[in-house]
Amino acid sequence: MDSIISTFHIEWKTLLTQAINFSLVLLVLYIFALKPVSKLMKERTAKIEKGIADAAENRKLLEQSKKKYEEQLAKARREANVILLEMKKEVEKKKADMLADAKKEVNRILENGRKTLENEKTKMVGEAKKEVATLAIKITEKLLMEEVGPSFQEKAVEEVNKL
Amino acid sequence: MNLIQEISLFAEPVARIGKYAVTNSMLASWVAAIIIIIFSLSLRFKLKEIPRGMQNLFEMLVEGAFSLIDQVTGDRKLSEKVFPIALPLFLFILLNNWIGLMPLGWVGQVEHTGKGFLFVPYLRGGSADVNTTIALAVMSVLAANLFGVLSIGIWKVFNKYVNIKVLSSIPGRIKKDLTVVIVAPITFFVGLIEIIGEIAKMVSLAFRLFGNIFAGEVLLYSMAALIPYIVPVPFLFLELLMTSIQALIFAMLVVVYFTISASEHGHEDETDVRKEQEEIKEVLSAKA
């Protein structure tokens with residue numbers, strides 16, 4: 001053992017110095033290089049992993065939103081078509097109703113007009129008859145040159161009305 | 001003037017601080033340490049999220065180191081614990097080795113000895129001095145055992161070397177199996193041999209590195225002495241590669257020691273004892 005120590009000049013002081021030297025290197029390298037670099041690399045890896053996961057999630061969400069949007073669009077189109085059809089039907093119905101009402105009104109007006117006309121006609125005919133009777137009497141009076149009594153006049157008017 | 005240029009097995013003193021002799025290997029180690037410290041500080045203060053230049057290179061080194069350590073440990077969490085020891089070891093040894101190969105090794109001082117004037121270079125590879133390699137090996141093996149204590153507990157690590165657990169299990173097992181009287185003491189002594197194994201680890205780590213680096217320097221020195229200028233160049237490149245491999249081997253062996261220390265042996269020991277007992281039974285029955 002002594003020969004090994006003397007041959008290789010193994011000295012505890014040198015051993016200790018080298019041990020302290022390496023310990024210092026280890027400490028400085030760990031504190032100032034390995035620890036921060038490892039931390040940075042880990043953080044970067046986590047960030048990249050999160051970015052990839054987020055992108056996948058976003059893609060999924062986008063696909064879902066697109067699908068939902070298309071579904072809603074199709075639904076809205078279907079509803080719009082239904083509403084349009086209903087509106088058309090309603091309009092048709094209203095149109096038909098209004099036409100019917102208008103026809104009814106026209107008929108009513110025509111009927112009223114006809115009635116009024118009838119009444120006027122009847123009235124006019126009556127009046128005309130009266131006038132004719134009066135004129136006939138007057139003409140007769142004049143022709144006969146005699147006065148006729150009121151009873152004869154009324155009789156004569158009735159006779160004319162019967163005509 | 002008779003100038004002697006000889007390769008010394010040990011590092012030569014080039015300066016003195018009081019009674020303390022500063023050797024050329026120690027000087028090289030200090031230079032290596034200063035380079036690493038300056039590099040670490042500059043890296044820390046220029047650290048950016050998007051790596052550039054040196055940071056890029058260092059991150060590549062870190063990634064590479066992690067993938068290598070993962071292959072040994074097989075567990076990223078364990079790798080993260082071993083990594084802060086392994087990478088500094090690798091870098092420190094590598095720089096020490098490379099400093100020894102630098103042409104600065106040919107700058108030195110001339111000392112007067114009885115035989116004549118002796119040339120002493122200012123820088124000699126840090127790993128070409130056994131004091132450095134022993135210091136690193138002892139620290140590594142002790143750290144591995146400490147890591148074992150922190151990972152699996154002091155009792156299990158103690159039983160790995162002084163297997164009281166096996167000895168204390170003899171009274172309980174003796175009724176079931178008589179062979180435990182033979183097997184348990186053997187297991188106990190195997191544990192004691194483990195202590196020698198740990199010392200062997202230190203010695204092998206230290207002398208492997210020292211031997212290889214010193215041999216490399218001798219080779220370069222001899223080549224330069226035989227045919228200077230052109231011939232040593234290929235050997236210089238070979239040495240650059242070899243010193244890198246030696247640094248890697250040292251660091252990887254330390255990773256292996258750390259991994260072994262962190263793994264539990266208790267269960268394996270019991271299984272081994274049972275297996276041995278069964279084997280002994282088979283042999284005895286065959287003989288009978």
Side-chain angles (χ1 to χ4, degrees), chain A residues 1-70, chain B residues 8-13 19-23 25-26 29-30 32-45 47-51 55 58-59 61-63 65-66 80 83-85 87-89 91-93 95-96 126 129-136 138-140 143 206-207 210:
Chain A
M1 190 70 182
D2 286 341
S3 65
I4 293 171
I5 290 168
S6 62
T7 310
F8 290 103
H9 278 225
I10 300 169
E11 288 172 10
W12 71 268
K13 276 183 190 172
T14 317
L15 281 172
L16 197 69
T17 311
Q18 291 291 25
I20 292 166
N21 196 16
F22 176 66
S23 304
L24 192 74
V25 167
L26 187 80
L27 207 70
V28 172
L29 197 63
Y30 178 68
I31 293 169
F32 292 103
L34 297 180
K35 201 177 170 186
V37 168
S38 297
K39 195 183 164 195
L40 191 79
M41 283 168 78
K42 262 187 188 176
E43 281 172 1
R44 195 188 298 141
T45 309
K47 210 178 266 182
I48 291 166
E49 279 173 356
K50 195 178 173 286
I52 292 167
D54 284 353
E57 184 73 20
N58 286 344
R59 207 177 297 130
K60 208 176 164 184
L61 276 172
L62 191 73
E63 276 169 15
Q64 278 177 352
S65 302
K66 207 175 170 184
K67 207 176 167 186
K68 206 173 174 183
Y69 161 78
E70 277 169 2
Chain B
S8 162
L9 197 60
F10 48 87
E12 297 112 322
K19 282 183 182 178
Y20 184 70
V22 178
T23 62
S25 281
M26 199 180 289
S29 294
W30 286 349
I34 289 165
I35 291 170
I36 292 172
I37 288 167
I38 291 170
F39 172 76
S40 305
L41 292 173
S42 66
L43 191 75
R44 177 69 191 88
F45 296 115
L47 207 64
K48 282 173 189 166
E49 192 157 5
I50 300 159
Q55 190 186 333
F58 191 71
E59 283 191 11
L61 185 74
V62 169
E63 280 286 326
F66 262 121
E80 281 173 359
F83 169 75
I85 308 280
L87 192 65
L89 254 177
L91 288 175
F92 186 66
I93 294 168
L95 267 177
N96 265 311
D129 178 16
V130 83
N131 285 299
T132 315
T133 57
I134 288 175
L136 292 176
V138 170
M139 278 177 81
S140 303
F207 280 91
F210 165 71

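Computed from heavy atoms alone, side chains included, the values below leave out hydrogens, waters and symmetry copies. Chain letters run A, B, ... following the sequence lines, proteins first and then strands; every chain starts at 1.
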Where on [X] is there a heavy atom nearer than 4.5 Å to chain A: the side chain, the backbone, both, or neither?
X	value
B:L89	both
B:M139	side chain
B:I134	both
B:L136	side chain

How close do [X] and [Y] get, heavy atom to heavy atom, and via which atoms?
X	Y	answer
B:P84	A:L34	CA-CD1, 4.0 Å
B:W30	B:V22	CZ3-CG1, 3.8 Å
A:A33	A:P36	O-CD, 3.5 Å
A:T14	B:D129	CG2-OD2, 4.2 Å
B:G126	B:S29	CA-OG, 3.8 Å

Pick from B:S42, B:P51, B:A32 with the largest number of heavy-atom pairs that fall under 4.5 Å of chain A: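 Ranked by contacts with chain A, first place is B:P51.
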
I'd like to verify something: which residue of B:I36, B:T132, B:L43 has the highest number of heavy-atom pairs under 4.5 Å with chain A?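 Most pairs with chain A among the choices: B:T132.
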
What part of [X] gets closer than 4.5 Å to chain B, counting heavy atoms only: side chain, backbone, both or neither?
X	result
A:L40	side chain
A:K35	neither
A:K42	side chain

Using only atom types and a distance under 3.5 Å, with no angle test, would you say the side chain of B:N96 pairs donor to acceptor with the backbone of B:F92?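 Indeed, once roles are kept as given, a pair shorter than 3.5 Å links the two residues.
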
Could you label the plane-to-plane angle of the B:F45 and A:F32 rings as parallel, tilted or perpendicular, counting under 30° as parallel and over 60° as perpendicular?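 Tilted, since the angle between the ring planes falls between 30° and 60°.
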
